[in-house]
Amino acid sequence: MKTTISVIKADIGSLAGHHVVHPDTMAAANKVLAEAKKNGIIIDYYITNVGDDMELIMTHNRGELDTKVHETAWDAFKEATKVAKDLGLYAAGQDLLSDTFSGNLKGMGPGIAEMEIEERPAEPIAIFMADKTEPGAFNYPQYKMFADPFNTAGLVIDPIMHEGYKFEILDVYTGESVTLNAPEEIYDILALIGTPSQYVIRRVYRKADNIIASVTSIERLNLLAGKYVGKDDPVMIVRVQHGFPALGEVLEAFSFPYLVPGWMRGSHYGPLMPVSQRDARATRFDGPPRLIGLGFNIKNGRLVGPSDLFDDPAFDETRRLAEQIADYMRRHGPFMPHRLEPTEMEYTTLPLIQQKLKARFKKEAGVVEAKKSIYEKQVEGGD
């Protein structure tokens, strides 16, 4: 029987601003998941958080997008939201875009990463969860893990990995996806995933046998809600070892604190800082964007672990560099490139300010109105 790993996250309210999940809300969610485990809906579960996002890690035999599993997650978030409202926590129920459950959680706000697998005799996985950023933030490390031999030596010396991987890439604006092969199409892959706000690596498969290697949540809240209701804060599941990148190769992809969009009000670029669970709190300028990683083994659907993967002095220099990058970016204040580009700011609160000033703009003689950009035409389905 196959095992399904479901990682479902939501911001249902937090303590002292967009800062950290309150333990009472996690306790409320725990009651729901414990009951679901007792009733045989799920096999095992683990609840954690990064910043103001609660993550539900569940295992079961029901496959992806199962109604009962998703309803369990929905009920857990709803119960946690009730507690958040009772405590007067900030932004209670923020990521829940509907009042009623409708079969599964797609399009309802929570982020979802699910992977159905046939367990190996030893089935190690790594689960990564980020706060104050968006799904495309995992483009860079997935490329490093599965396509860059300078990061992943197994691509050169492991016979199974040597054949490469397939990248399923989603255009979050059109809902269309394309599958490209590495290493032969790496330039095409980079041409897309280098624009992480539009193109997101949804899944990666091993080419040798088409077995899934990783999956990432792709829900973008601003596109679902049509306005800024918080950043998307993605989750990712990665299989490791024995024909997949070793755990150390997977973690090495996060040794450089690369820039990601998000941070304060979802409107700024900042370094993604890998931290331990105890440091998974949004502080400086509501950040910097935080990443935690938990390592598990799965045996007959049971979660063994976790190990706090970034609770290690080996990542101290990465964190120090992230702090230096944060200092540099913060010095720009409201100026680009710290603040996001105009297309990304359309779903923030900035348009309210622009609308207020619109009537005061006057047409200048001799100034030619700019044509729509190629990007805008693509989004509208033009040439």
Side-chain angles (χ1 to χ4, degrees), residues 7 9-22 48-55 89-91 94-95 109-111 113 127-141 172 196-197 200 216-225 227-236 254 256-294 310 315 318-319 321-330 332-334 336-341 344-345 347-350:
V7 183
K9 57 75 55 178
D11 180 349
I12 50 80
S14 60
L15 179 65
H18 294 291
H19 172 53
V20 68
V21 171
H22 194 284
T48 188
N49 80 286
V50 53
D52 57 3
D53 292 296
M54 181 187 297
E55 277 87 11
L89 300 184
Y90 190 71
Q94 172 180 278
D95 283 5
I127 298 175
F128 297 98
M129 296 150 277
D131 185 32
K132 301 298 182 290
T133 187
E134 63 185 25
F138 286 141
N139 283 4
Y140 174 86
V172 297
S197 60
V200 176
T216 302
S217 62
I218 48 82
E219 289 73 22
R220 288 203 57 181
L221 284 174
N222 58 0
L223 300 182
L224 293 172
K227 61 181 180 179
Y228 180 70
V229 291
K231 214 58 182 168
D232 317 296
D233 307 326
V235 293
M236 176 171 66
F254 296 103
F256 171 63
Y258 56 95
L259 292 173
V260 297
W263 213 346
M264 174 63 71
R265 296 186 180 88
S267 302
H268 297 79
Y269 284 107
L272 187 63
M273 178 185 287
V275 297
S276 64
Q277 177 73 81
R278 67 176 177 272
D279 292 328
R281 300 182 301 277
T283 54
R284 182 181 179 186
F285 203 56
D286 276 0
R290 301 293 170 109
L291 173 76
I292 65 169
L294 297 181
F310 294 121
F315 284 91
T318 302
R319 290 186 275 268
L321 179 56
E323 291 168 0
Q324 293 173 9
I325 296 170
D327 281 341
Y328 176 81
M329 298 302 287
R330 286 299 306 117
H332 289 81
M336 295 172 63
H338 184 28
R339 198 175 79 180
L340 299 185
E341 59 272 15
E344 283 296 289
M345 294 296 288
Y347 289 97
T348 68
T349 52
L350 180 62

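Computed from a predicted structure; not experimentally measured. Residue indices begin at 1 and follow the sequence shown.
Here the closest non-hydrogen pair linking Pro288 and Ala326 is CG-CB, 4.1 Å. Of all the heavy atoms in Val21 and Met54, the pair that sits closest is CG2-N, 3.9 Å. Nearest heavy atoms, Ser197 versus Glu134: CA-OE2, 3.3 Å. Considering all non-hydrogen atoms of both residues, Pro274 and Phe315 come closest at CG-CD2, 4.1 Å. Tyr258 and Ala137 make their closest contact through OH-O, 2.8 Å (heavy atoms, listed as atom of the first residue, atom of the second, distance). When all heavy atoms of Val20 and Ser14 are compared, the closest pair comes out as O-CB, 3.2 Å.
The aromatic rings of Phe254 and Phe138 lie perpendicular to each other, with more than 60° between the two planes, well past the 30° mark. Under the 30°/60° scheme for interplanar angles, the aromatic rings of His18 and Tyr90 are found to stand perpendicular. Aromatic ring pairs are classed by plane angle as parallel below 30°, tilted from 30° to 60° and perpendicular above 60°; the pair Phe128 and Phe310 is tilted.
Ile127 places none of its side-chain heavy atoms less than 4.5 Å from the side chain of Thr48. Side chains of Leu294 and Met129 form a contact here, defined as non-hydrogen atoms less than 4.5 Å apart.
Side-chain atoms of Gln277 come within 3.5 Å of backbone atoms of Asn49 as a donor-acceptor pair (strictly under, hydrogens ignored). Counting only distance, with no hydrogens or angles, the side chain of Thr133 and the backbone of Asp233 share no donor-acceptor pair below 3.5 Å. The backbone N or O of Val275 lies less than 3.5 Å from no partner atom in the side chain of Arg278, so there is not a single donor-acceptor pair. Counting only distance, with no hydrogens or angles, the side chain of His338 and the backbone of Tyr269 share a donor-acceptor pair below 3.5 Å.
In this structure, the separation between CD on Glu55 and CD1 on Ile292 is 6.0 Å, given to the nearest 0.5 Å. The CG atom of Leu340 sits 7.5 Å away from atom NE2 of His268, with the distance rounded to the nearest 0.5 Å. Atom OG in Ser276 sits 6.5 Å away from atom CZ in Arg319 (nearest 0.5 Å). Annotation: the span from Lys132 atom NZ to Asp52 atom CG amounts to 3.5 Å, rounded to 0.5 Å. Here the straight-line distance linking atom CG of Leu89 with atom NE2 of His22 works out to 6.0 Å at 0.5 Å rounding.
For Ile325, the side chain to side chain contact (heavy atoms under 4.5 Å, CB included) criterion is met by Pro257, Leu259, Pro271, Leu321, Met329, not counting sequence neighbours. Remark: Asp11 engages Gln94 in a side chain to side chain donor-acceptor pair (under 3.5 Å) (not counting sequence neighbours).
Arg339 and His332 are not linked by any side-chain donor-acceptor pair at a separation below 3.5 angstrom, with hydrogens and angles left out of the test.
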